[in-house]
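The structure appears right after this line, and notes come after that.
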Amino acid sequence: MSSGSSSQSTLPNSDSEWSKKENKMFEEALAYYGVSAPNLWEKVASAMGGTKSAEEVRRHFQLLIDDVDKIEHGCIPFPKYKTQGFWT
């Protein structure tokens, strides 16, 4: 595991903001594998092409869960998304 900790700091987006493309790959991998899949974080990280480590993927998921929980409990307002379609 020592090689993982040294290579983690050299990843281009290590612990930085996630791009729209990375978020999309993250979402698609979660949908494909399901949140109860064994070794989920490793599978999602691999599906993302190695741009994020398994630990970064796990932390990103936890932040997402925390944000949803805060929204559902009224701690932060529901985000206003720009949508496309006839209803806008």
Rounded distance [0.5 Å steps], [atom1] in [X] versus [atom2] in [Y]:
{"X": "Thr51", "Y": "Lys21", "atom1": "OG1", "atom2": "NZ", "value": "8.5 Å"}
{"X": "Met48", "Y": "Lys24", "atom1": "CE", "atom2": "NZ", "value": "13.0 Å"}
{"X": "Arg59", "Y": "Lys52", "atom1": "CZ", "atom2": "NZ", "value": "9.5 Å"}

Please identify each residue that fulfils side-chain contact (heavy atoms from CB on, under 4.5 Å) with [X], with sequence neighbours left out.
{"X": "Tyr32", "value": "none"}
{"X": "Glu42", "value": "Asn39, Ala54"}
{"X": "Asn23", "value": "Trp18, His60"}
{"X": "Leu63", "value": "none"}

Side chain to side chain, Lys43 and Pro38, heavy atoms closer than 4.5 Å: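 Result yes, sub-4.5 Å side-chain heavy-atom pair found.
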Test item: Leu30 and Leu40 side chains (from C-beta on) under 4.5 Å apart, heavy atoms: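 Heavy-atom side-chain distance check passes, below 4.5 Å.
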Expected output: side-chain Glu22 to main-chain Ser19 donor-acceptor under 3.5 Å: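 Yes; at least one donor-acceptor contact below 3.5 Å.
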Donor-acceptor contact present, side-chain Glu56 to main-chain Ser53, <3.5 Å: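 Yes; judged by distance alone, with no hydrogens or angles, the pair exists.
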Any residue meeting ring-ring contact (aromatic ring centres under 6.0 Å, His included) with Tyr33, in chain and number order, not counting sequence neighbours: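 Listed in chain order: nothing, the list is empty.
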Summary of ring-ring contact (aromatic ring centres under 6.0 Å, His included) pairs that have at least one residue in residues 38-59, sequence neighbours excluded: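 Output for this query lists Trp41-Phe61.
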Partner set under side-chain hydrogen bond (donor to acceptor under 3.5 Å, both in side chains) for Gln62, not counting sequence neighbours: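 Partners of Gln62 under the side-chain hydrogen bond (donor to acceptor under 3.5 Å, both in side chains) test: Asp66.
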